[in-house]
There are 2 protein chains.
Amino acid sequence: MAKRSHAHPQTQASSPSESKHDILRSAQRVLAILELIARTPGGLTVRAVSKLLQLNISTCYHSLNTLLTAGYVERLPSGHYVLGPQIPYLNDAYLRTLTHDWPATDPQESWRAVARASAHQPSLSQRLRPILHSLSERSQEPAYLAGWRYGEVELQAIVEPAHAERIPGIYIGYRGHAHAHALGKVLLAYSSPAFVEDYLARHTLIRLTQQTIVERTLLCEELHTIAHQGYSIDREELHADTACLAAPVRDAQGRVMAAIAISFRSDLLSRRGEWLTAQVLRAARQASAELRLSRHASDASRHPERWGGPVS
Amino acid sequence: MAKRSHAHPQTQASSPSESKHDILRSAQRVLAILELIARTPGGLTVRAVSKLLQLNISTCYHSLNTLLTAGYVERLPSGHYVLGPQIPYLNDAYLRTLTHDWPATDPQESWRAVARASAHQPSLSQRLRPILHSLSERSQEPAYLAGWRYGEVELQAIVEPAHAERIPGIYIGYRGHAHAHALGKVLLAYSSPAFVEDYLARHTLIRLTQQTIVERTLLCEELHTIAHQGYSIDREELHADTACLAAPVRDAQGRVMAAIAISFRSDLLSRRGEWLTAQVLRAARQASAELRLSRHASDASRHPERWGGPVS
DNA sequence: ATCGCGATTTCATTATTTGAAATGCTGCCT
DNA sequence: AGGCAGCATTTCAAATAATGAAATCGCGAT
């Protein structure tokens with residue numbers, strides 16, 4: 001039995017971080033493979049996966065088979081594996097949860113507590129789509145809607161015009177880098193200081209382009225400016241060559257619940273900036289008006305603290 | 001493949017049905033949980049999952065933790081698990097593979113052989129989006145583009161107008177039930193008899209509504225009619241109350257590579273049917289012309305070993 | 001026809017997962 | 001107020017199920 005020459009106390013130590021004993025390793029590995037495949041445009045062969053992830057080829061083989069039978073990947077005749085039809089299927093389900101969405105207010109309390117009491121509304125993105133549509137139509141640029149979800153800014157709708165495309169790497173469900181785009185900044189600008197505090201504690205201000213604001217102080221100043229002027233500008237902070245304009249959308253109670261934006265080639269900013277800003281502000285006002293309209297009989301207005309506070 | 005299942009001194013209930021020993025069970029279980037959660041609008045608690053899937057609660061707990069840390073699910077404050085942000089992330093990657101798409105011709109040979117030699121084109125859906133857009137604009141109905149992928153009809157683009165929504169349950173990446181919708185029927189109609197043969201052998205003609213064509217003979221007749229008249233109609237065959245019209249798109253060589261369609265409330269068929277048909281045919285002709293034009297000098301031969309992507 | 005690379009399979013070892021049950025929490029009912 | 005019920009979380013030893021080295025198979029190139 002000259003098999004295992006090296007008796008490693010620990011596993012092959014492929015992962016630097018300590019292995020949680022709360023996690024199913026083979027399942028985790030399968031998910032990692034899925035991600036790897038997602039990152040690789042042309043797909044990967046069994047062997048390629050095994051090399052890139054430093055896994056035994058047999059393991060990869062079994063893992064890929066598992067993903068294959070479940071429809072998460074597909075096998076090209078060449079032996080390359082690519083993402084399979086189960087992915088858009090799941091995404092459709094995910095989008096439906098957006099549709100079901102909730103108040104999406106900002107501060108901690110809300111997303112810590114709201115939970116499921118939320119659901120069952122006509123959905124922001126549904127209701128505001130016509131507005132996004134006409135914004136995109138008028139400006140001939142892609143229009144976006146974002147709201148809060150679990151304390152993160154989430155992109156919830158995109159409407160593209162005939163001839164312009166959305167920012168690459170941005171998609172419905174995209175969260176993160178709120179400090180680097182107009183939607184995120186405007187939503188943060190209208191959040192409570194405590195929440196901004198919390199947000200900053202939870203995130204690093206990653207630099208994405210030369211222009212990205214990575215200084216906490218600078219960002220706070222920016223947020224003040226934005227709150228003051230009523231809209232935000234992203235000047236190539238998220239993506240080089242691209243600028244965005246965003247404005248807040250308020251619910252019936254006047255709270256900022258979402259934001260509407262457009263993106264465009266940044267050189268348009270000087271020429272058409274003012275006009276575009278006016279369009280975005282107009283769309284945001286329309287959206288707020290729309291939300292003011294239908295008082296969706298939310299039973300949420302029941303008396304909260306009727307019977308005593310926390311039991312402790 | 002799996003074949004051996006013999007008298008083994010294996011322990012008790014080893015085969016509920018037939019356990020492939022090609023598959024990682026805990027990974028498979030995790031994927032099954034993911035699907036279950038996707039199917040459940042409000043999310044599920046640990047216990048609910050364990051009951052529905054007849055799994056030990058401890059297993060579910062670990063599985064959900066695995067999914068949670070990887071971002072495939074999220075845990076609501078109420079303890080309900082819902083799909084997480086990794087899903088739209090993967091979907092974006094999936095869509096990018098569509099963008100990269102291939103000839104997408106129909107017959108076996110093609111999808112059995114084409115493989116990766118395919119990729120690296122400016123993408124059908126990209127190029128035809130303006131056409132879909134104006135079709136949708138004119139008709140004020142959602143417009144669709146579908147093509148072949150691995151021998152299946154796949155929906156590859158949707159353009160929705162301001163005030164009408166696409167058919168529920170239909171999404172980009174949706175495959176299947178080609179016999180029950182206009183896009184599928186028109187694509188089949190222009191496929192080689194051998195391929196239709198093959199397709200029918202691989203699929204059951206599932207009944208989706210009262211109107212669905214489930215008779216093989218009837219379907220073949222229908223395909224003939226379609227090939228003859230140059231477009232197809234779905235009269236509530238996929239979804240009650242909804243009708244579709246589809247027409248073929250041809251490449252420079254005259255082969256049918258894709259199809260363009262619109263959907264609308266079926267009662268419009270009698271009143272506006274002819275006009276709508278004309279619009280769809282026009283869009284399809286425009287699309288064919290577009291494909292005839294640019295002999296896309298496909299550049300961009302990316303190497304699979306390179307990874308990029310904003311979110312990670 | 002032979003070579004070589006990669007996919008597929010085998011099989012014994014053992015790390016990993018499992019499941020029953022204990023624990024601890026929260027909210028509800030009496 | 002107290003006790004009960006339901007649920008999430010944790011524990012731990014048993015044993016199943018995953019792993020990895022190496023053999024085999026297949027295909028395309030030389």
Side-chain angles (χ1 to χ4, degrees), chain A residues 1-15 19-30 32-33 43-68 75-81 113 115-117 306-312, chain B residues 1-6 8-16 19-30 33 43-66 68 73 75-81 112-113 115-117 304:
Chain A
M1 298 298 110
K3 306 291 174 72
R4 322 196 93 265
S5 42
H6 35 264
H8 271 314
Q10 309 247 335
T11 337
Q12 273 298 25
S14 48
S15 55
S19 48
K20 302 256 190 180
H21 54 289
D22 244 18
I23 279 182
L24 306 186
R25 297 192 60 205
S26 71
Q28 191 179 40
R29 193 147 28 223
V30 160
I33 291 175
L44 290 168
T45 62
V46 175
R47 186 162 295 261
V49 170
S50 113
K51 275 181 187 154
L52 288 170
L53 254 35
Q54 308 255 275
L55 295 171
N56 185 292
I57 193 167
S58 171
T59 303
C60 288
Y61 182 74
H62 291 309
S63 302
L64 284 169
N65 255 346
T66 308
L67 287 168
L68 187 62
R75 188 182 186 286
L76 300 183
S78 64
H80 289 250
Y81 288 84
R116 60 132 173 284
R306 231 264 66 171
W307 51 284
V311 186
S312 53
Chain B
M1 295 308 175
K3 66 287 166 104
R4 70 198 323 292
S5 58
H6 261 277
H8 246 330
Q10 303 230 334
T11 356
Q12 342 107 328
S14 53
S15 57
S19 48
K20 303 252 191 184
H21 56 290
D22 244 17
I23 280 183
L24 306 186
R25 298 191 50 191
S26 71
Q28 190 179 41
R29 197 153 21 229
V30 160
I33 291 175
L44 289 169
T45 62
V46 175
R47 187 161 294 262
V49 171
S50 112
K51 275 181 188 155
L52 287 170
L53 254 37
Q54 308 256 275
L55 295 172
N56 185 293
I57 193 166
S58 173
T59 303
C60 288
Y61 182 74
H62 292 308
S63 303
L64 284 169
N65 256 345
T66 307
L68 187 62
V73 301
R75 188 183 186 286
L76 300 184
S78 64
H80 289 249
Y81 288 84
R112 293 252 159 80
R116 58 124 173 291

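Residue numbers begin at 1 in each chain, while the letters A, B, ... track the order of the sequences. These values consider heavy atoms only, across backbone and side chains, with no hydrogens, waters or symmetry-generated copies.
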Spacing of A/N56 atom CG relative to D/dA22 atom C1', expressed in whole Å
10 Å
For a 4.5 angstrom cut-off between non-hydrogen side-chain atoms, does B/S63 reach A/L24?
yes
Starting at atom CG of A/N65, determine the distance to atom P of C/dT9, rounded to an integer number of angstrom.
8 Å
Is there a side-chain contact between B/R75 and the phosphate of D/dA8, meaning an N or O under 4.0 Å from OP1 or OP2?
no
What integer distance in Å separates B/I57:CD1 from C/dT23:P?
17 Å
Heavy-atom side-chain contact between B/H62 and A/D22 under 4.5 Å:
yes
CG of B/L24 versus P of C/dT18: gap in Å, rounded?
12 Å
B/H80 NE2 to D/dC7 C1', in whole Å, measures 11 Å
Sequence neighbours excluded, the answer for side chain to side chain contact (heavy atoms under 4.5 Å, CB included) partners of B/L55 is B/R29, B/I33, B/L53, B/C60
Do A/L44 and A/L52 have side-chain heavy atoms sitting under 4.5 Å apart?
yes
Between B/S58 and B/R47, which is nearer to the 5' end of DNA chain D once each is assigned its nearest nucleotide?
B/R47
If you measure from CD on B/Q54 to OG1 on B/T59, what distance do you get to the nearest 0.5 Å?
12.5 Å
When rounded to whole Å, the CD to P distance for the pair B/Q28 and D/dA17 reads 12 Å
Rounded off to whole Å, could you give me the CD1-to-P distance for the B/I23 and C/dT8 pair?
14 Å
Residue closer to the 5' end of DNA chain C, B/R29 versus A/T45 (nearest nucleotide)
A/T45
Is any side-chain nitrogen or oxygen of A/S26 closer than 4.0 Å to OP1 or OP2 of D/dA17?
no
Taking only the side-chain heavy atoms of B/Y81 (C-beta and beyond), determine which of D/dT9, D/dG20, D/dT19 contains the nearest atom.
D/dT9
For DNA chain D, whose closest nucleotide is more 5', that of B/H62 or that of B/K51?
B/K51
Expressed in angstrom and rounded to an integer, what is the separation of A/Y61 atom OH from C/dT9 atom P?
4 Å
